[in-house]
2 protein chains.
Amino acid sequence: MASPANPKPVDVTRLKTVCSACSLRELCLPAGLDSAALAEVDRLVNRRRHVKRGDYLYHAGGALQALYAIRSGFMKSCVLHEDGREQVAGFHMMGDLMGMDAISTARHMCDAVALEDTEVCEIPFAYLEQLSRELPSLQHHFHRMMSREIVRDYGVMLLLGSMKAEERLAAFLLNLSQRFAARGYSSSEFNLRMTREEIGSYLGLKLETISRVLSRFQEDGLISVRHKHVKITDLAALRALIGRAPCQ
Amino acid sequence: MASPANPKPVDVTRLKTVCSACSLRELCLPAGLDSAALAEVDRLVNRRRHVKRGDYLYHAGGALQALYAIRSGFMKSCVLHEDGREQVAGFHMMGDLMGMDAISTARHMCDAVALEDTEVCEIPFAYLEQLSRELPSLQHHFHRMMSREIVRDYGVMLLLGSMKAEERLAAFLLNLSQRFAARGYSSSEFNLRMTREEIGSYLGLKLETISRVLSRFQEDGLISVRHKHVKITDLAALRALIGRAPCQ
DNA sequence: CAACGACTTTGACCTAGGTCAAAAACGATT
DNA sequence: AATCGTTTTTGACCTAGGTCAAAGTCGTTG
């Protein structure tokens with residue numbers, strides 16, 4: 001079970017934690033760096049920030065100061081339409097890098113909101129560019145992370161553009177499952193940090209549809225859901241749902 | 001009107017054209033570089049490639065060799081689902097940079113197909129990384145281009161996730177219009193290079209819906225369409241379509 | 001522990017867009 | 001100019017998912 005950030009108020013040893021000693025080292029920005037490079041990156045990532053549940057890490061329109069690597073917690077990013085409609089563009093967890101949308105115009109193009117108390121490492125962007133000119137491995141890994149975001153986005157387009165409700169939700173659950181697994185948590189049992197409405201927004205569906213499809217999955221023995229808690233009971237069947245082409 | 005690549009077979013002077021003399025200089029990778037940097041980039045971009053209508057620039061799964069800047073022509077990129085479903089992830093024209101999805105895994109994650117005869121400049125990726133370590137302005141602009149792709153993708157998510165058919169198509173036409181304008185072509189009159197089916201795939205709709213909505217726009221006096229030729233006759237009304245929130 | 005608000009579930013009904021089918025229009029080729 | 005294949009248009013009908021409404025469940029706070 002993913003436990004939330006340690007509730008102890010301020011722990012000096014933890015505040016001093018650096019990339020080189022971080023358990024997310026191999027998932028996060030410094031993945032694959034040698035120890036010399038890692039020491040440099042320790043200096044790059046100099047500040048932590050706590051974002052309380054419901055609070056914003058940054059707002060659309062705000063100036064780019066830094067990129068943010070999530071240390072613990074859970075966030076969503078939302079694109080806004082002028083008329084107030086909002087589209088969840090992604091859910092982010094430990095090791096994920098946020099804020100890359102802002103590099104283009106030096107202003108954030110989406111909101112980042114904490115879905116539970118979250119701790120992030122601040123990565124001053126100007127300094128990251130400078131350092132990545134000196135450290136080819138850092139440079140390359142940063143490029144890989146931006147590219148990975150593009151690939152992820154393509155996956156979401158595929159989801160939104162050509163899958164039906166059941167497939168979308170199956171893909172969503174499998175994606176969460178796999179990301180939890182990659183972080184050492186259970187791949188079969190986890191808590192959803194977001195509401196049905198937020199899942200719906202992400203998947204281009206209404207919250208009632210999410211609720212109904214989850215119920216149907218449960219009836220069919222694919223999962224068991226109780227509120228935010230999900231247990232995948234038939235992984236193969238869930239995978240089969242998105243594999244086959246029911247249309248055409 | 002955008003004229004296709006010169007049909008003369010091989011023109012040596014054109015083959016020798018370099019970034020510093022390219023009319024797309026300010027849209028493309030070298031945007032904003034000083035003349036010293038530009039001279040370096042001239043050496044970086046050493047090869048051209050012609051892709052005939054219907055041919056692939058690269059395939060999903062293929063190894064990343066280079067990024068590609070479009071000099072002339074028109075392309076689409078498609079994400080593939082294992083079951084054969086395909087989702088058009090984007091349409092690309094002169095000055096656009098393609099292939100950034102491949103940096104993440106060193107393999108392309110989508111297909112790139114020419115919708116008309118297209119000429120691209122090959123940008124060897126390893127060399128681009130090397131050069132951008134030496135030229136901060138190139139480095140920064142490259143980052144901006146990757147970020148711009150992420151922002152574009154967020155826009156597509158908004159489109160697919162929370163807009164209805166008419167809004168999607170209006171947004172699509174306005175986007176094309178604006179991109180043609182940025183390249184010195186008419187913003188109000190242009191040829192669609194893609195089929196109704198490809199538009200539909202991009203917008204998460206069926207080709208019949210595209211056809212119907214285009215006809216409706218024409219009846220309402222927003223545009224006039226004849227096959228691939230589109231003329232925007234009421235820009236304001238088209239804009240108004242995506243501005244207001246008809247639902248909720 | 002009562003009460004409130006936020007979230008979820010479920011049912012009944014409706015509609016935007018999908019599906020199927022047929023005809024028309026085009027463009028490339030002979 | 002005739003033919004073929006591709007693309008587009010339009011109509012008739014259908015269904016997945018949206019909408020509206022009501023009841024149930026939870027966590028939080030006084």
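In what follows, every chain begins at residue 1, and chains take the letters A, B, ... in the order their sequences are listed. These numbers come from the heavy atoms of this one structure, side chains and all, not from hydrogens, waters or symmetry mates. Just so you know, these numbers come straight off a predicted model, no measurement behind them.
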Any [X] side-chain N or O less than 4.0 Å from OP1/OP2 of [N]:
{"X": "R196(B)", "N": "dT7(D)", "result": "no"}
{"X": "K228(A)", "N": "dC7(C)", "result": "no"}
{"X": "S215(A)", "N": "dT10(C)", "result": "yes"}
{"X": "T195(A)", "N": "dC7(C)", "result": "no"}
{"X": "K206(B)", "N": "dT19(C)", "result": "yes"}

Under 3.5 Å donor-acceptor pair, R212(B) side-chain atoms to dG11(D) base atoms =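 Check passes, donor-acceptor contact within cut-off.
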inquiry  = I need the single residue from L159(A), L203(A), I242(A) that forms a side-chain contact (heavy atoms from CB on, under 4.5 Å) with E167(A). Which is it?
reply    =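 The single option meeting the side-chain contact (heavy atoms from CB on, under 4.5 Å) with E167(A) is I242(A).
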So [X], base contact, sugar-phosphate only, or nothing? Heavy-atom distance under 4.0 Å.
{"X": "G200(A)", "answer": "nothing"}
{"X": "S211(A)", "answer": "base"}
{"X": "L205(A)", "answer": "sugar-phosphate"}

For atom [atom1] of [X] and atom [atom2] of [N], their distance in whole Å:
{"X": "E208(B)", "N": "dC13(D)", "atom1": "CD", "atom2": "C1'", "result": "13 Å"}
{"X": "L207(B)", "N": "dT6(D)", "atom1": "CG", "atom2": "P", "result": "15 Å"}
{"X": "L214(A)", "N": "dG17(D)", "atom1": "CG", "atom2": "P", "result": "14 Å"}
{"X": "R53(B)", "N": "dA28(C)", "atom1": "CZ", "atom2": "C1'", "result": "10 Å"}
{"X": "L192(B)", "N": "dC26(C)", "atom1": "CG", "atom2": "P", "result": "15 Å"}
{"X": "I199(B)", "N": "dT7(D)", "atom1": "CD1", "atom2": "P", "result": "13 Å"}
{"X": "H227(A)", "N": "dT9(C)", "atom1": "NE2", "atom2": "P", "result": "7 Å"}
{"X": "E198(B)", "N": "dT6(D)", "atom1": "CD", "atom2": "P", "result": "14 Å"}

query = Are the charged groups of D96(A) and R183(A) less than 4.0 angstrom apart, N to O?
reply =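 Yes, this pair counts.
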query = Can you check whether F190(A) and Y185(A) have ring centres sitting under 6.0 Å from each other?
reply =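 Here the rings of Y185(A) and F190(A) have centres that are no less than 6.0 Å from each other.
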N/O donor-acceptor pair under 3.5 Å between K76(A) side chain and G90(A) backbone = no
ask   = Side chains of H50(B) and T118(B): is there a donor and an acceptor less than 3.5 Å apart?
value = no
